[in-house]
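This report refers to the structure that appears directly beneath it.
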Amino acid sequence: MGFEAALELILSGNHKVIALARSKDKLERLLEIAHGLNPAAEIYALAFDIVHDDYDGLRQFINSNFDNRVDVLINNAGVLINKPFLKLKELDFVEMLQNNFIGHVRIIQSMIDLMPPGSHIVNIGSMGGFQGSAKFPGLAAYSASKSALHTLTECLAVELAEQEIKVNCLALGSAQTEMLEAAFPGYQSPVMAFEMGKYIADFSITAHRFFNGKVLPVAVTTP
């Protein structure tokens, strides 16, 4: 969905985009498609691990190419473990929290002083971590990590209010992605990844005028 959101953002030619991912192959494919859709697209693809990599180089890149300014930060990175609770190891929970929560904490802390008043942080959560939603066997570690991200969203909206930085979270239901297949093998979502990517892109650009500190369920089906 992050792949599709990046493509949506470059279509108008009004936005400069940095796409971060661990997979160089997918980043190269993203650039190929982006420039096919819009040859003048200002999109940069950087191989980067938000959990383990050093942020000094990323900040230098932003300073050189983006005038040291970030208006929108979309936190979409994440991984999933599908395993019954009694078979989960402590390291499984650590992995989920590192990738789905701590990594987002790191990048927000690293980018916050580059974000001017009126900026928007969008965290991509999950209906699995949304209070009162249906829960499913095997997803305890994943869902708990997403719940932590939801609560962080609410806390940051308060802490960053004086800086006029808005923070919201989209608790996504099913969309046809590799992660959905890992969670629910064989299930076909009525929502395609490109549709959810478009929604995320549109929300990131406009929704901070209407929402702050909200964890919003975005789900036709759960899963």
Side-chain angles (χ1 to χ4, degrees), residues 1-50 58-59 61-78 103-104 107-108 111 114-127 153 165-181 188-212 214-221:
M1 289 181 294
F3 190 103
E4 299 292 347
L7 292 178
E8 182 67 27
L9 287 168
I10 58 90
L11 288 177
S12 68
N14 296 326
H15 309 296
K16 298 174 68 174
V17 175
I18 303 177
L20 305 179
R22 286 172 290 195
S23 172
K24 291 183 179 180
D25 291 343
K26 289 184 178 179
L27 289 171
E28 290 173 357
R29 179 62 175 156
L30 173 64
L31 288 180
E32 179 184 353
I33 295 175
H35 289 127
L37 294 171
N38 178 7
E42 293 190 81
I43 180 169
Y44 303 85
L46 303 180
F48 191 83
D49 187 324
I50 64 171
L58 178 60
R59 287 176 59 91
F61 181 86
I62 293 171
N63 184 38
S64 299
N65 296 279
F66 288 77
D67 298 323
N68 222 31
R69 175 182 177 132
V70 175
D71 296 290
V72 174
L73 174 62
I74 302 174
N75 287 315
N76 184 61
H104 301 315
I107 196 166
I108 292 170
M111 297 294 110
L114 307 182
M115 304 187 77
S119 298
H120 192 194
I121 297 172
V122 180
N123 295 320
I124 303 303
S126 170
M127 288 301 293
T153 298
I165 297 174
K166 304 295 181 60
V167 189
N168 291 296
C169 180
L170 297 176
L172 303 186
S174 74
Q176 199 60 44
T177 63
E178 294 174 1
M179 187 173 289
L180 179 73
E181 178 62 26
Q188 294 294 313
S189 172
V191 179
M192 295 295 99
F194 78 89
E195 294 175 302
M196 194 66 86
K198 175 176 172 54
Y199 182 86
I200 293 169
D202 292 342
F203 184 91
S204 69
I205 297 301
T206 63
H208 58 298
R209 294 188 297 162
F210 309 101
F211 301 109
N212 188 33
K214 304 304 181 188
V215 180
L216 303 168
V218 184
V220 175
T221 61

Between H120 and N168, is the side chain to side chain donor-acceptor pair (under 3.5 Å) condition met? List the steps.
CA-CA 8 Å; H120 192 194; N168 291 296; 3.1 Å; yes
Applying side chain to side chain contact (heavy atoms under 4.5 Å, CB included), run through V72 and H15 and close with a yes or a no.
CA-CA 10 Å; V72 174; H15 309 296; over 6 Å; no
Apply side chain to side chain contact (heavy atoms under 4.5 Å, CB included) to residues M196 and L170 and explain how you reach the verdict.
CA-CA 11 Å; M196 194 66 86; L170 297 176; over 6 Å; no
Assess whether side chain to side chain contact (heavy atoms under 4.5 Å, CB included) is satisfied between I205 and N14, documenting all intermediate values.
CA-CA 11 Å; I205 297 301; N14 296 326; over 6 Å; no
As a quick check of understanding, evaluate side chain to side chain contact (heavy atoms under 4.5 Å, CB included) for L9 and I74, giving each step before the final call.
CA-CA 12 Å; L9 287 168; I74 302 174; 4.3 Å; yes
Can I get a per-line list of side-chain donor-acceptor pairs under 3.5 Å for residues 42-50, giving both atom names and the distance, sequence neighbours left out?
unit_1	atom_1	unit_2	atom_2	d
D49	OD1	V51	N	2.8
D49	OD1	H52	N	3.3

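Judged purely by atom type and a 3.5 angstrom limit, N38 uses its side chain to pair as donor or acceptor with the backbone of I10. At least one donor-acceptor pair under 3.5 Å links the side chain of K16 to the backbone N or O of N65. Checking side-chain atoms of H104 against main-chain N and O of I124 turns up no donor-acceptor pair under 3.5 Å. In this structure, the side chain of N212 engages the main chain of V167 through a donor-acceptor pair within 3.5 Å. In this structure a side-chain-to-backbone donor-acceptor pair under 3.5 Å is missing from S64 to F61.
Of the charged side-chain nitrogens involved, none lies within less than 4.0 Å of a carboxylate oxygen, so that D25 and R29 do not count as a salt-bridged pair.
Nearest heavy-atom pair across G125 and C169 is N-SG, 3.6 Å. Smallest separation of non-hydrogen atoms from A6 and V17: CB-CG1, 4.4 Å. Between S119 and V70 the shortest heavy-atom distance is OG-O, 3.5 Å. When all heavy atoms of G173 and A219 are compared, the pair lying nearest together is CA-CB, 3.7 Å. Taking each heavy atom of A41 and A34 in turn, the nearest pair found is CB-O, 4.3 Å. L27 and A19 get closest at one heavy-atom pair: CD2-O, 3.7 Å.
Looking at E8 and I200, their side chains never come closer than 4.5 Å, going by heavy atoms from C-beta outward. Residues V218 and F203 are not in side-chain contact: their nearest non-hydrogen atoms beyond the backbone lie 4.5 Å or more apart.
The distance from atom CG of D71 to atom CD1 of I121, rounded to the nearest 0.5 Å, is 12.0 Å.
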